[in-house]
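Scroll down for the structure; my scribbles are underneath it.
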Amino acid sequence: MSKPLVKPGSPRSAVVTGAGRGIGRAIALELVGRGYEVVVTDLDGNAAEIAAKEIGAAMGLALDVTDPDANRDVAARAREIAPLGAWVCNAGVLAEGDLTALSVGQVRAMVDVNVLGVIWGVRAAADTFRDQHGATGGDIGIVASLSAHAPVPALSVYAATKAAVLSLTTSLASELHRDRIKVHAVCPDGVDTAMVQSMDAQGDVRAALAAGVLLTPPQVARELVDMFGTGRVYKTLPAWRGVVARTASLAPRAAVHVDPWVRRLGARKLKKAGKR
């Protein structure tokens, strides 16, 4: 049974971006279970509304995270329900392929959504936390990735955006500490979502993911929300994969030679499972 995070008689609202499905939906459901009045948001407003009804959230709203003013508008709507207690930046996009093969639009989308979308969300949440009377502080959650820790060929831009938000998380944890705002990030290995399933089954990225651990959205949601109210800044899932990834980052020359072996291992696992 998950530990409640909202005290009886002191309601708090929470916002989750990109929560129409996948990891975001699982996080929203986890927060509902922890006592928050949750605002489910997604670029697809209809998906947000449907998800909100299905999980018992307070409401579902359309949100383009790349719009700074739209983030502030959602924060204001959440505050009308109850003082804001949590904001989770989950919305993200991915385009696989070598850097030179990606279109300008694909690169811009990953930077705009994965990095700037987090920045605008954090700004809206932090300002709202500061302006509230009688409800001090709050938690900001950020969904990063294991790819933030290590070289990831064919996902170089995506990995760079996740490394950026992980760096942002560690800086913000100190920057916002005086306002009693806690910042946390989760860095999961591959997660069984539509994003992963849509990857090229014959591609190198899918093979690399198959060599690791495929997590479920509820696992990621639980691990992130478990950090709320604590001083934990980030967590890598599973922990051993984080150790391997950081080792590769410390020795990038060696990683160049190890990577083909990892992908062959993953390809064999996919073939054995009948997925290649």
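Atoms considered below: every heavy atom in the structure, side chains included; atoms not considered: hydrogens, waters and symmetry mates. The structure displayed is predicted, hence computed values, not measured ones.
With Lys162 contributing its side chain and Val143 its backbone, the two residues share a donor-acceptor pair below 3.5 Å. Between the side chain of Arg12 and the main chain of Leu84, a donor-acceptor pair closer than 3.5 Å is present. Under a 3.5 Å cut-off, the side chain of Thr41 and the backbone N or O of Val16 do form a donor-acceptor pair. Remark: side-chain polar atoms of Asp192 are not paired, donor with acceptor, to backbone N or O of Pro217 under 3.5 angstrom. The backbone N or O of Thr100 lies less than 3.5 Å from no partner atom in the side chain of Asp98, so there is not a single donor-acceptor pair. Between the side chain of His184 and the backbone N or O of Arg232, at least one donor-acceptor pair lies under 3.5 Å. No donor-acceptor pair closer than 3.5 Å links the side chain of Arg34 to the backbone N or O of Val6. Side chain of Thr17 to backbone of Ala91: a donor-acceptor contact under 3.5 angstrom is found. Using modelled atom types, one side-chain atom of Thr170 and one backbone atom of Ser167 make a donor-acceptor pair closer than 3.5 Å. The closest donor-acceptor contact from the side chain of Asp139 to the backbone of Ala86 lies at 3.5 Å or more, if one exists at all.
The same ILVMFWY cluster, assembled from side-chain heavy atoms under 4.5 Å apart, contains both Trp87 and Ile119. Criterion: ILVMFWY side-chain heavy atoms under 4.5 Å apart, direct or through other members. Under it, Leu43 and Leu61 are not part of a common hydrophobic cluster. Hydrophobic clustering of Ile, Leu, Val, Met, Phe, Trp and Tyr side chains at less than 4.5 Å, counting indirect connections, keeps Tyr234 apart from Val152. In the hydrophobic clustering of this structure, Leu94 groups with Leu99; members are Ile, Leu, Val, Met, Phe, Trp, Tyr whose side-chain heavy atoms approach within less than 4.5 Å, directly or through other members. Linking ILVMFWY side-chain heavy atoms closer than 4.5 Å, directly or via other members, places Trp120 and Val15 in a single hydrophobic cluster.
The pair Arg72-Asp127 meets the salt-bridge criterion, since a charged nitrogen lies less than 4.0 angstrom from a carboxylate oxygen.
If you take CG on Asp64 and CG on Asp42, they are separated by 10.5 Å, rounding to the nearest 0.5 Å. Considering OG1 of Thr66 and CG of Asn71, their distance stands at 8.5 Å, rounded to 0.5 Å. With rounding to the nearest 0.5 angstrom, the CZ atom of Arg21 is 12.5 Å from the CD1 atom of Ile50. One finds the OH atom of Tyr36 at 11.0 Å from the CD atom of Glu30 (value rounded to the nearest 0.5 Å).
Looking at Glu223 and Leu215, their side chains never come closer than 4.5 Å, going by heavy atoms from C-beta outward. Using a 4.5 Å cut-off on side-chain heavy atoms (C-beta onward), Arg77 and Val39 make no contact. Counting only heavy atoms from C-beta outward, the side chains of Leu31 and Val88 approach each other to under 4.5 Å. Put simply, the side chain of Leu237 does not reach to within 4.5 Å of the side chain of Asp189, judged on heavy atoms. In this structure the side chain of Cys187 reaches within 4.5 angstrom of the side chain of His149, judged on heavy atoms.
The minimum heavy-atom distance between Ala144 and Pro188, with the atom names listed, is O-CD, 3.7 Å. Listed here is the closest heavy atom pair of Ser13 and Ala82: OG-O, 2.9 Å. Residues Pro218 and Ala26 come closest through the heavy atom pair N-CB, 3.9 Å. Residues Thr230 and Asp226 share a closest heavy-atom pair of CG2-O, 3.8 Å. Between Gly60 and Ala52, the closest heavy-atom pair is N-CB, 3.6 Å. When all heavy atoms of Ala28 and Ile55 are compared, the pair lying nearest together is CB-CD1, 3.6 Å.
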Enumerate donor-acceptor pairs with a distance under 3.5 Å from any side-chain N or O in residues 175-182 to protein atoms, sequence neighbours excluded.
unit_1: Arg178; atom_1: NH1; unit_2: Glu175; atom_2: O; d: 3.1
unit_1: Asp179; atom_1: OD2; unit_2: Arg130; atom_2: NE; d: 3.0
unit_1: Asp179; atom_1: OD2; unit_2: Arg130; atom_2: NH2; d: 3.1

Let's go through Ile23 and Met195 carefully: what are the C-alpha distance in whole Å and the side-chain angles of both, what is the deciding distance for side-chain contact (heavy atoms from CB on, under 4.5 Å) to 0.1 Å, and is it a yes or a no?
CA-CA 10 Å; Ile23 297 173; Met195 179 185 286; over 6 Å; no
What's the verdict on side-chain contact (heavy atoms from CB on, under 4.5 Å) for Asp131 and Arg79, showing C-alpha distance, side-chain angles and the deciding distance?
CA-CA 10 Å; Asp131 290 343; Arg79 190 175 174 181; 3.6 Å; yes
Test side-chain contact (heavy atoms from CB on, under 4.5 Å) on Val65 and Cys89 and set out the steps.
CA-CA 9 Å; Val65 296; Cys89 298; over 6 Å; no
Val118/Asn114 under side-chain contact (heavy atoms from CB on, under 4.5 Å): CA gap, chis, key distance, verdict
CA-CA 6 Å; Val118 172; Asn114 299 356; over 6 Å; no
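Just one of Leu155, Val115, Leu102 meets the side chain to side chain contact (heavy atoms under 4.5 Å, CB included) condition when paired with Met110; it is Leu102.
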